[in-house]
Chemist: 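Take a look at this one; I'll ask things after.
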Amino acid sequence: MAETAQRPPLQELLRKAVRAPDCIHTQDGGAVLALAVHCLFIEAGFTNVDYVRGSPYHPEPEWNRSHDAWIFRYKKKGCANTFTYHCGLKQHTGQAYMHVTEDNGGDNVSFMGLILHKYIQDVAALRQDTWQGVVSNENDLTKFFDNYIMQPVLTKAVPSSEDQQGDTQDYRTKLTAVGVAAIVALLVWKVNGSQ
């Protein structure tokens with residue numbers, strides 16, 4: 001199992017996305033859980049391609065128009081394709097299903113399922129003007145995100161051609177440096193050997 005990278009507390013990330021939980025129309029917290037995972041994507045270096053005004057954590061304006069399904073799209077430096085994150089909530093069971101797919105990435109799909117009440121334990125906290133105490137079991141959530149979403153999808157992601165060109169350029173630069181060093185060494189040897 002990979003170690004979870006040190007992140008700011010989730011309540012700080014959520015505050016960057018939406019000022020307070022009372023600004024989100026949700027009865028059960030499903031939208032908050034979807035938004036929390038969105039914040040983890042942004043913190044991991046993904047860029048929200050649908051909305052880029054203000055904080056990079058801001059979701060697109062219509063992100064919460066459904067009461068049981070949320071969709072976010074991202075781009076990641078070093079990856080050729082965009083990624084789509086879906087979160088769906090079965091309200092009668094409280095099961096949240098999350099999956100991310102690499103668009104045009106073939107079979108690159110990662111998913112996880114969570115039980116909503118383990119992460120949004122106090123529904124009354126959703127009506128407050130602070131994120132303090134809204135999301136529970138943050139360490140588990142971030143660990144599951146890293147292990148079941150982030151690592152698998154990035155492992156199979158198609159690299160961008162710019163990165164491949166960058167790798168080729170780095171190789172050429174290193175090869176040139178080695179060549180120059182070899183020529184200099186040969187000249188020094190020749191000069192020292194002639195004396």
Side-chain angles (χ1 to χ4, degrees), residues 2-79 82-91 94-101 110-151 153-154:
E3 288 185 36
T4 302
Q6 186 63 31
R7 294 183 178 95
L10 197 50
Q11 66 188 20
E12 288 180 24
L13 302 180
L14 285 162
R15 189 175 32 256
K16 292 177 182 182
V18 175
R19 183 187 56 78
D22 64 356
C23 297
I24 299 174
H25 302 290
T26 183
Q27 298 280 327
D28 50 24
V32 171
L33 187 58
L35 185 64
V37 171
H38 161 73
C39 289
L40 294 175
F41 272 105
I42 300 301
E43 187 63 20
F46 285 77
T47 304
N48 185 348
V49 298
D50 293 324
Y51 192 65
V52 292
R53 195 176 92 215
S55 167
Y57 290 85
H58 285 173
E60 61 97 5
E62 298 295 317
W63 76 276
N64 193 24
R65 72 183 108 135
S66 171
H67 62 279
D68 61 359
W70 303 270
I71 299 173
F72 300 85
R73 291 180 346 112
Y74 306 100
K75 184 77 178 143
K76 174 103 167 110
K77 183 177 168 97
C79 298
T82 56
F83 298 87
T84 302
Y85 155 53
H86 296 259
C87 179
L89 177 66
K90 288 180 135 182
Q91 291 186 318
Q95 296 169 323
Y97 295 98
M98 302 171 182
H99 72 275
V100 62
T101 57
S110 296
F111 58 92
M112 70 178 176
L114 301 172
I115 303 299
L116 181 62
H117 72 84
K118 289 184 178 180
Y119 302 95
I120 309 296
Q121 294 178 349
D122 182 7
V123 178
L126 299 171
R127 293 184 287 282
Q128 61 189 20
D129 62 356
T130 178
W131 285 104
Q132 182 73 34
V134 173
V135 178
S136 303
N137 298 311
E138 178 179 339
N139 290 336
D140 288 345
L141 179 60
T142 57
K143 180 176 67 176
F144 293 151
F145 172 77
D146 287 339
N147 292 332
Y148 297 109
I149 297 288
M150 186 61 50
Q151 289 177 357
V153 81
L154 288 180

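Residues: numbered from 1 along the sequence shown. All values reported here derive from a predicted model rather than from experimental measurement.
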Chemist: Just wondering, do Tyr148 and Leu114 contact through their side chains at under 4.5 Å, heavy atoms?
Modeler: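 Side-chain contact under 4.5 Å: no.
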Chemist: Could you walk me through whether Leu10 and Val134 pass side chain to side chain contact (heavy atoms under 4.5 Å, CB included), step by step?
Modeler: CA-CA 10 Å; Leu10 197 50; Val134 173; over 6 Å; no
Chemist: Where the side chain of Asp68 meets the backbone of Gln91, is there a donor-acceptor pair that is under 3.5 Å apart?
Modeler: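 Flag not set: sc Asp68 to bb Gln91 has no pair under 3.5 Å.
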Chemist: Side chains of Trp131 and Leu13: closer than 4.5 Å at any heavy-atom pair?
Modeler: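 No - every pair of side-chain heavy atoms lies 4.5 Å or more apart.
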Chemist: Distance from Gln27 atom CD to Leu126 atom CG, nearest 0.5 Å?
Modeler: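 Interatomic distance, Gln27 CD to Leu126 CG, rounded to 0.5 Å: 9.5 Å.
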Chemist: Between atom CG of Leu14 and atom CD of Glu138, what is the distance when rounded to the nearest 0.5 Å?
Modeler: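 Rounded to the nearest 0.5 Å, the CG-CD separation comes to 8.5 Å.
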Chemist: Determine the minimum heavy-atom distance between Pro21 and Ala125, stating which atoms define it.
Modeler: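 Closest pair (atom of Pro21, atom of Ala125, distance): CG-O, 3.8 Å.
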Chemist: Is there a side-chain contact between Leu35 and Pro59 in this structure, where contact means two heavy atoms from C-beta onward sitting under 4.5 Å apart?
Modeler: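 A side-chain contact exists here, since the closest heavy-atom pair is under 4.5 Å.
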Chemist: Might you point out which heavy atoms bring Ile71 and His86 nearest each other, and give the distance in Å?
Modeler: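 Minimum heavy-atom contact is CG1-ND1, 3.5 Å.
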Chemist: Any non-hydrogen side-chain atom of Leu40 less than 4.5 Å from a side-chain atom of Arg7?
Modeler: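 They are in contact (side-chain heavy atoms under 4.5 Å apart), so the answer is yes.
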Chemist: I need the Thr82 OG1 to Lys76 NZ distance, nearest 0.5 Å.
Modeler: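 Here the interatomic distance stands at 14.5 Å.
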Chemist: Side chains of Pro8 and Glu43: closer than 4.5 Å at any heavy-atom pair?
Modeler: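 In short, these two side chains touch, coming nearer than 4.5 Å.
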Chemist: Verify side chain to side chain contact (heavy atoms under 4.5 Å, CB included) between Asp28 and Ile120, making sure each step is shown before the conclusion.
Modeler: CA-CA 8 Å; Asp28 50 24; Ile120 309 296; over 6 Å; no
Chemist: Got a second to check how far Asn147's CG is from Met112's CE, nearest 0.5 Å?
Modeler: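 Asn147 CG to Met112 CE: 10.0 Å, rounded to 0.5 Å.
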Chemist: Could you go through Tyr57 and Arg15, starting from their C-alpha distance and side-chain angles, then the distance that decides it, and tell me whether this counts as side chain to side chain contact (heavy atoms under 4.5 Å, CB included)?
Modeler: CA-CA 9 Å; Tyr57 290 85; Arg15 189 175 32 256; over 6 Å; no
Chemist: Answer yes or no: is there a side-chain heavy-atom contact under 4.5 Å between Trp63 and Ile24?
Modeler: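 The answer is yes, as the side chains (C-beta and beyond) meet within the 4.5 Å cut-off.
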Chemist: Can you give me the closest heavy-atom contact between Arg19 and Cys23, atom names plus distance?
Modeler: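 Scanning both residues completely, I find the closest heavy atoms to be NH2-SG, 3.1 Å.
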Chemist: If we only count heavy atoms from C-beta on, is the Tyr119 to Asp140 side-chain gap below 4.5 Å?
Modeler: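 Tyr119 reaches Asp140 side chain to side chain.
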Chemist: Do you know the tightest heavy-atom contact between His58 and Asn48?
Modeler: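 Nearest pair, atom of His58 first, then Asn48: O-ND2, 3.3 Å.
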Chemist: Report the C-alpha distance between Phe41 and Tyr85 in whole Å, list the side-chain angles of each, state the deciding distance to 0.1 Å, and finish with yes or no for ring pair (Phe, Tyr, Trp, His ring centres under 6.0 Å).
Modeler: CA-CA 9 Å; Phe41 272 105; Tyr85 155 53; 5.3 Å; yes
Chemist: Taking the six-membered ring for Trp, are Phe46 and Tyr74 parallel (under 30°), tilted (30 to 60°) or perpendicular (over 60°)?
Modeler: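 Geometry flag for Tyr74 against Phe46: perpendicular rings.
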Chemist: Taking atom CZ of Phe72 and atom OG1 of Thr84, what is their separation to the nearest 0.5 Å?
Modeler: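 The distance works out to 12.0 Å.
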Chemist: Which heavy-atom pair separates Gln128 from Ala20 by the least distance, and what is that distance?
Modeler: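 It is O-CB, 4.2 Å.
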Chemist: What are the two closest non-hydrogen atoms of Ile149 and His99, and how far apart are they?
Modeler: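 Here Ile149 and His99 meet closest at CD1-CA, 4.5 Å.
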Chemist: Is there side-chain contact between Leu116 and Gln95, with heavy atoms separated by less than 4.5 Å?
Modeler: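 Heavy-atom side-chain distance check fails, nothing below 4.5 Å.
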Chemist: Could you measure the distance from the CG atom of Leu154 to the OG atom of Ser110? Nearest 0.5 Å is fine.
Modeler: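 Rounded to the nearest 0.5 Å, the CG-OG separation comes out at 8.5 Å.
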